[in-house]
2 protein chains.
Amino acid sequence: MTDPTTHRPGDRMRAEIDEQPRRLADVLSLGAPQARRVGTLLAERAPRVVLFAGRGTSDHACLYAKYLTEISLGLPAGMMSPSTMTAHRSRPDLSEALVVVVSQSGTSPDLVETACVARSCGATVLAVTNTPTSELAAIAHHHLDVHAGPEAAVAATKSYTAQLLTLWLLVDAWRGGGGTGAGAVPAAATRQVDRHASVTQLQDRMLFAERLVVTGRGYAYPTAREAALKIMETSYLAAHAFSGADLLHGPVAMIDRLHPVVAVAPEGVSAAAMAPVLERLRSLGAHVAVVGGPSTAHAARGDVVVDHGLPEELAPIVDIIALQQLAHGLAVLRGLDADIPRGLTKATSTW
Amino acid sequence: MTDPTTHRPGDRMRAEIDEQPRRLADVLSLGAPQARRVGTLLAERAPRVVLFAGRGTSDHACLYAKYLTEISLGLPAGMMSPSTMTAHRSRPDLSEALVVVVSQSGTSPDLVETACVARSCGATVLAVTNTPTSELAAIAHHHLDVHAGPEAAVAATKSYTAQLLTLWLLVDAWRGGGGTGAGAVPAAATRQVDRHASVTQLQDRMLFAERLVVTGRGYAYPTAREAALKIMETSYLAAHAFSGADLLHGPVAMIDRLHPVVAVAPEGVSAAAMAPVLERLRSLGAHVAVVGGPSTAHAARGDVVVDHGLPEELAPIVDIIALQQLAHGLAVLRGLDADIPRGLTKATSTW
């Protein structure tokens with residue numbers, strides 16, 4: 001537990017945010033060989049469908065990997081609803097499926113059971129955890145350690161980016177890539193870690209907000225979801241994430257001039273798809289701050305520019321760092337302890 | 001457009017809520033033969049995976065059908081991310097997939113394109129719309145008309161319950177069922193329509209709320225999502241839906257004593273899975289109102305009892321009616337026009 005005499009609120013989360021470049025380098029050196037081995041095996045095994053299961057932050061890593069699977073492997077993919085197997089006891093035919101279960105701790109009972117049942121239903125099961133000794137890792141056919149090191153802050157940061165990079169390496173090997181693009185990730189992460197001040201203005205603006213909307217499309221949608229979760233966990237704001245398209249199909253009615261909108265729009269195809277969403281939000285007079293690249297975000301109008309130069313599919317690994325910094329800074333500004341959110345413990349057990 | 005001299009705000013939505021028993025009876029008489037025909041064909045064709053695509057309310061009908069597919073057909077199922085095909089131009093191998101595209105209007109360009117691309121990638125495509133003359137209906141191999149009649153209120157109500165019942169009939173025929181359970185649905189819907197007053201107390205309590213959380217598990221999760229959307233659309237509250245398990249993995253930090261929680265917990269397996277979630281919420285002192293059956297909800301403590309006696313997989317069709325009544329009543333109480341939410345039009349176009 002934290003020693004109240006020495007602990008400064010949020011220091012632990014801040015340290016783990018700042019530790020990410022080093023951990024991402026560890027993924028490339030320690031994790032990559034296994035990720036490439038499993039990716040190559042999966043290419044041979046050729047599953048016909050890929051299903052993902054995770055909770056919280058790990059669910060967002062799953063969503064990222066779902067986009068990657070659909071776009072770059074050309075395979076149908078889906079997010080599992082664990083309760084169908086755990087509560088409703090369904091036993092689907094998964095003989096042609098790869099089931100990827102992502103969990104920092106590898107302990108949540110519903111995910112362990114999902115992996116067990118999926119295996120007994122014929123699936124190839126891959127566990128991605130930060131805990132190689134966990135039950136989940138033991139149950140799966142294959143295990144990838146994300147090498148994030150012990151994570152002490154309740155709000156996950158470094159385990160998330162390590163999950164993303166590990167999953168990217170897996171998919172890249174599967175499609176026969178050489179993994180070269182990833183080499184630039186640790187340095188790009190370092191640049192964003194050093195630019196903590198880039199979020200200061202947005203942080204100030206959000207200090208007294210009661211709620212906000214975070215939106216993004218394509219690869220930026222998992223980033224929007226994870227950003228909203230970090231803000232909910234550490235600042236207790238009602239942070240609502242929507243894909244840009246879903247936002248326009250109803251929820252846009254609650255957009256007004258009194259609550260902030262954060263749009264994740266890095267360079268590339270997803271950002272182009274966000275353009276009509278941004279236009280619509282601005283026509284409603286909403287206060288929109290863009291977190292994006294030099295062509296989509298403009299610091300002068302309060303946006304957060306994340307200038308990493310990474311290809312679109314690797315961008316989420318660095319984009320989320322800016323949003324972790326925002327969540328952390330906002331919690332500190334609001335006088336909350338981002339390290340120990342109320343009502344949460346590090347490993348959540350659900351059934 | 002509405003004539004302001006005769007239009008009373010929300011009357012149209014109310015009329016469409018109340019029309020549901022009749023429209024559900026139409027689904028059973030007019031829609032069932034085609035749903036059963038297509039369900040039988042699909043059983044013969046035997047797709048290996050089922051993928052769903054929809055936006056807004058129709059997305060929640062897809063989610064319901066995903067649970068039904070996983071639990072009662074034992075097939076892997078997933079929600080598509082249309083942007084992977086439309087923006088990122090992925091062309092997955094869908095030769096063993098059934099793709100179900102649900103849309104009230106059948107016109108949203110991204111869904112039309114998704115259906116086109118899925119078909120060209122080898123999928124069997126089924127469109128479920130309220131507009132048999134729509135582009136989406138024309139593109140698909142099979143089409144199911146949900147027979148909800150013209151829907152004038154922007155917030156969809158009757159088209160949603162008609163979608164759910166149509167999808168249930170489809171899956172029931174596919175699994176070789178006789179469709180008999182559905183016969184009780186229209187009368188059960190009538191009973192809830194007549195019990196509009198059952199939501200009055202909860203409505204009163206929520207009058208000045210700024211935000212709320214709606215939660216449910218299993219079949220009740222799509223109901224929670226759709227309830228949150230109705231409340232956002234008509235009352236502009238930030239209504240946040242979470243599956244019970246996901247809620248505990250982070251967002252629970254923003255739960256406090258100052259904002260309401262609505263838990264959808266009808267009788268059955270899903271409700272049992274919700275018990276630990278309810279316990280946790282209550283231990284945090286949250287104001288939780290249950291919308292559920294006679295064994296889970298207690299009117300004396302402000303809950304909403306929906307006593308339909310339907311099996312769990314049909315319950316969502318009537319449970320949502322209580323939540324539509326809540327959304328409508330809340331909007332009227334807040335002086336808003338539930339028929340014409342700000343910033344929305346009936347058919348939303350996204351790309």
Side-chain angles (χ1 to χ4, degrees), chain A residues 48-49 51 55-57 59 66-67 70-71 74-79 81-84 86-88 90-94 96-97 110 210-211 217-218 221 229 232-234 236-238 240 243 245-246 248-256 269-270 272-273 276 284 341-344 348 350-351, chain B residues 48-49 51 55-57 59 66-67 70-71 74-79 81-84 86-88 90-94 96-97 110 210-211 217-218 221 229 232-234 236-238 240 243 245-246 248-256 269-270 272-273 276 284 341-344 348 350-351:
Chain A
R48 308 277 305 167
V49 58
L51 301 172
R55 296 286 186 195
T57 292
D59 187 42
K66 175 179 183 284
Y67 277 93
E70 290 180 340
I71 295 171
L75 282 174
M79 307 292 279
S81 307
S83 71
T84 62
T86 59
H88 289 279
S90 78
R91 295 296 177 263
D93 174 4
L94 298 175
E96 293 175 323
D110 56 348
E210 254 284 300
R211 67 189 211 205
R217 287 196 81 174
Y221 176 46
L229 179 59
M232 282 190 278
E233 284 177 324
T234 61
Y236 315 147
L237 270 93
H240 227 130
S243 92
D246 286 327
L248 300 188
H249 284 263
V252 70
M254 68 161 187
I255 299 291
D256 59 28
V269 169
S270 306
L284 294 169
R342 66 182 183 199
L344 292 179
T348 304
T350 50
W351 286 267
Chain B
R48 307 278 305 169
V49 57
L51 301 171
R55 295 287 187 194
T57 293
D59 187 41
K66 174 180 184 281
Y67 278 93
E70 290 178 341
I71 294 170
L75 282 174
M79 307 292 279
S81 307
S83 71
T84 62
T86 59
H88 290 279
S90 78
R91 295 295 176 264
D93 174 3
L94 299 175
E96 291 175 325
D110 57 348
E210 255 283 302
R211 66 188 211 206
R217 286 196 83 174
Y221 177 45
L229 178 58
M232 283 191 276
E233 284 177 324
T234 61
Y236 316 148
L237 269 95
H240 227 130
S243 92
D246 286 327
L248 299 188
H249 284 263
V252 71
M254 68 161 187
I255 298 291
D256 59 27
V269 170
S270 306
L284 294 169
R342 65 184 183 197
L344 292 179
T348 303
T350 49
W351 285 268

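Every chain is numbered from 1 and lettered A, B, ... according to where its sequence line falls, protein lines coming before strand lines.
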Exercise. Can you name the residues that form a side-chain hydrogen bond (donor to acceptor under 3.5 Å, both in side chains) with B:Ser243, not counting sequence neighbours?
Worked result: B:Asp246
For this session: Please tell me if the side chains of A:Pro341 and A:Met232 come closer than 4.5 Å, counting only heavy atoms from C-beta onward.
Result: no
Problem set entry | Top of B:Pro82, B:Ala253, B:Pro92, B:Pro76 for chain A proximity - count of heavy-atom pairs under 4.5 angstrom | B:Ala253
Problem set entry | Close side-chain approach of B:Arg48 to A:Glu96, heavy-atom, < 4.5 Å | yes
Problem set entry | Which portion of A:Ala97 sits near chain B, non-hydrogen atoms under 4.5 angstrom | neither
Exercise. When rounded to the nearest 0.5 angstrom, what distance separates CE in B:Met254 from CG in A:Leu344?
Worked result: 11.5 Å
For this session: Please tell me if the side chains of A:Val269 and A:Arg217 come closer than 4.5 Å, counting only heavy atoms from C-beta onward.
Result: no
Problem set entry | Proximity breakdown for B:Leu51 and chain A, heavy-atom pairs closer than 4.5 Å | side chain
Seminar exercise, completed: Checked B:His240, B:Arg55, B:Lys66, B:Glu70 vs chain A; the most non-hydrogen pairs under 4.5 Å come from B:His240
For this session: Check whether A:Pro251 gets within reach of chain B through its side chain, its backbone, both or neither, counting any heavy atom under 4.5 Å.
Result: both
Exercise. Among A:Leu237, A:Leu75, A:Thr57, which has the most heavy-atom pairs under 4.5 Å with chain B?
Worked result: A:Leu237
Seminar exercise, completed: Applying ring-ring contact (aromatic ring centres under 6.0 Å, His included) to A:His249 and not counting sequence neighbours gives none
Problem set entry | Most contacts with chain A, counted as non-hydrogen pairs under 4.5 angstrom, among B:Val49, B:Leu248, B:Val252 | B:Leu248
Problem set entry | Side chain, backbone, both or neither of A:Ile71 within contact of chain B (heavy atoms, under 4.5 Å) | both
For this session: Could you tell me which portion of A:Arg211 (side chain, backbone, both or neither) has an atom closer than 4.5 angstrom to a non-hydrogen atom of chain B?
Result: side chain
Problem set entry | chain A contact via B:Leu94 - which portion, at a heavy-atom distance below 4.5 Å | side chain
For this session: Please examine the side chains of A:Asp110 and A:Ser83, heavy atoms only from C-beta on, and report whether any two atoms are closer than 4.5 Å.
Result: no
Exercise. Given the options B:Gly78, B:Ala77, B:Ser90, which has more heavy-atom pairs under 4.5 Å with chain A than any of the others?
Worked result: B:Ser90
Exercise. Any idea which of B:Ser81, B:Pro276, B:Gly56, B:Ala87 has the most non-hydrogen atom pairs under 4.5 angstrom with chain A?
Worked result: B:Ser81
Problem set entry | Between B:His88, B:Glu233, B:Arg91, the one whose heavy-atom pairs under 4.5 Å with chain A are most numerous | B:His88
Problem set entry | B:Tyr236 side chain vs B:Arg342 backbone, donor-acceptor pair below 3.5 Å | yes
